[in-house]
Amino acid sequence: MGNRPGKGEGPFWALCDNTRMTTRARIRPPGPPRISHTAENYLLSLAILQEDGLKPLMSELASYLRRIPEGEEVGTTLASGSGMVQRMVKEGLLEVTKNKRIDLTPAGFSRARDVVRRHRLAERLLVDMLGVPLELAEAEAHSLEHGISPDLLPRIEERLGHPDTCPYGRPIYKANDTSLRTFDPGTLRLSEAKKGPAYVVTRIPDEDFPLLSFLVKSSVLPGERVAVEEVAAYRGVVDISRNGQQVSLGMDVAARIWVREAA
């Protein structure tokens with residue numbers, strides 16, 4: 001009797017190996033390889049800060065990263081943050097200006113846009129289709145966003161009806177968008193609103209769980225009408241009313257809520 005090929009040898013096993021290789025090649029997502037979850041969270045955070053008009057210093061970025069759920073393991077000390085930023089600079093995703101502001105490069109924006117799309121469509125999926133409470137969806141989306149493949153994302157978007165904003169009013173970018181959206185025409189910060197006209201809330205901060213829970217409880221949400229009772233700079237608060245209920249917001253919080261005059 002001749003020697004029989006062992007496992008992994010011979011034409012049958014060669015055919016199996018070729019089939020596995022072909023299958024892996026077929027299901028590999030198109031485009032550049034995915035970056036680490038930590039880098040994705042840095043890009044997401046920088047995109048949000050720049051939407052709000054801030055190209056942050058390292059200390060400001062580190063402060064923002066502390067709001068991300070602990071399970072994301074982003075590293076919130078200045079040392080860990082600086083190390084991650086420098087690695088991303090070497091990868092061509094970020095640049096640090098002469099005055100030490102952190103900015104996205106064109107390649108960094110392209111990656112950030114895709115992370116933001118996944119995160120905000122995940123928020124929509126959780127709230128609109130799975131019924132997750134608004135104050136919990138932001139944290140859940142951080143876990144979900146990393147597992148959405150480039151092939152699955154457009155299917156989720158289609159099932160959701162191609163929404164323009166996340167549940168908190170921030171823009172959902174399209175695949176061909178080439179720049180961040182800082183604000184919508186005709187909107188202003190609640191801290192800049194005047195007493196008298198009614199306003200409709202268009203965007204609220206979503207990364208601060210205690211604040212988000214308070215806004216949900218107070219119905220200060222996108223699409224809701226509010227009336228400005230007083231902008232009291234001397235007290236550092238903006239007093240608004242919603243369905244007869246008065247709500248006092250710190251000036252810093254009011255500056256992160258966007259509104260437009262009601263029609």
Find the distance between CZ (Arg111) and CD (Glu91) and round it off to the nearest 0.5 Å. 8.5 Å
How far apart are the C-alpha atoms of Glu207 and Arg256, what are their side-chain angles, what is the distance that settles it, and do they pass the salt bridge (Lys or Arg N to Asp or Glu O under 4.0 Å) test? CA-CA 11 Å; Glu207 72 289 343; Arg256 294 156 63 196; 2.5 Å; yes
Report yes if some heavy atom in the side chain of Lys174 is under 4.5 Å from a heavy atom in the side chain of Glu157; otherwise report no. yes
Distance-only side-chain donor-acceptor flag, Asp103 / Gln50, under 3.5 Å: yes
Looking at Arg159, I want to see if its CZ is surrounded by more than 12 non-hydrogen atoms of other residues, nucleotides or ligands under 6.0 Å. no
Distance-only criterion, 3.5 Å: show the donor-acceptor pairs between side-chain atoms of residues 57-65 and protein atoms not counting sequence neighbours.
{"residue": "Glu60", "atom": "OE1", "partner": "Leu57", "partner atom": "N", "Å": "2.8"}
{"residue": "Glu60", "atom": "OE1", "partner": "Arg101", "partner atom": "NH1", "Å": "2.9"}

Partners passing side-chain contact (heavy atoms from CB on, under 4.5 Å) against Val220 (at least two apart in sequence or in another chain): Val201, Leu215, Ser218, Ile240, Ile257
Is any NZ, NE, NH1 or NH2 atom of the basic residue among Arg117 and Glu145 found under 4.0 Å from an Asp or Glu carboxylate oxygen of the other? no
Distance-minimising heavy-atom pair for Thr165 and Arg124: O-NE, 2.9 Å
Close side-chain approach of Glu123 to Glu138, heavy-atom, < 4.5 Å: yes
Pairwise side-chain contact, Ile204 with Leu221, heavy-atom cut-off 4.5 Å (strictly under): yes
Min side-chain heavy-atom separation Leu190-Trp258 under 4.5 Å: no
Looking at side-chain heavy atoms only, is the closest gap between Glu224 and Tyr199 below 4.5 Å? no
With sequence neighbours excluded, tell me which residues meet ring pair (Phe, Tyr, Trp, His ring centres under 6.0 Å) with His162. none
Would you call Leu134 and Tyr168 a side-chain contact if the rule is heavy atoms closer than 4.5 Å? yes
Could you verify whether a donor N or O on one side chain and an acceptor N or O on the other, from His119 and Glu40, lie under 3.5 Å apart? no
Minimum heavy-atom separation for Ala137 and Leu126, please, with both atom names. O-CD1, 3.6 Å
Tyr42 side chain near Met88 side chain, heavy-atom distance below 4.5 Å: yes
Taking atom CZ of Arg155 as the centre, does the number of heavy atoms from other residues, nucleotides or ligands within less than 6.0 Å exceed 12? no
Looking at side-chain heavy atoms only, is the closest gap between Val237 and Met251 below 4.5 Å? no
Connected via hydrophobic side-chain network under 4.5 Å: Phe209 and Val216: no
Would you kindly confirm whether Val89 and Leu93 end up in one hydrophobic cluster when ILVMFWY residues are joined by side chain heavy atoms under 4.5 Å apart? yes
With a 3.5 Å cut-off and no angle check, do the side chains of Ser241 and Glu229 form a donor-acceptor pair? yes
Give me the one residue out of Asp184, Asp52, Asp164 that meets salt bridge (Lys or Arg N to Asp or Glu O under 4.0 Å) with Arg170. Asp52
Indicate whether any N or O donor in one side chain lies under 3.5 Å from an N or O acceptor in the other, for Ser149 and Asp151. no
Looking at Glu95 and Lys90, does any basic side-chain N land under 4.0 Å from a carboxylate oxygen? no
Do Ile102 and Phe109 sit in one hydrophobic cluster, given that two such residues count as connected whenever their side-chain heavy atoms are within less than 4.5 Å of each other, even indirectly? yes
Counting N and O atoms only, with roles assigned by atom type, does the side chain of Ser82 sit under 3.5 Å from a partner on the main chain of Ala79, one being a donor and the other an acceptor? no
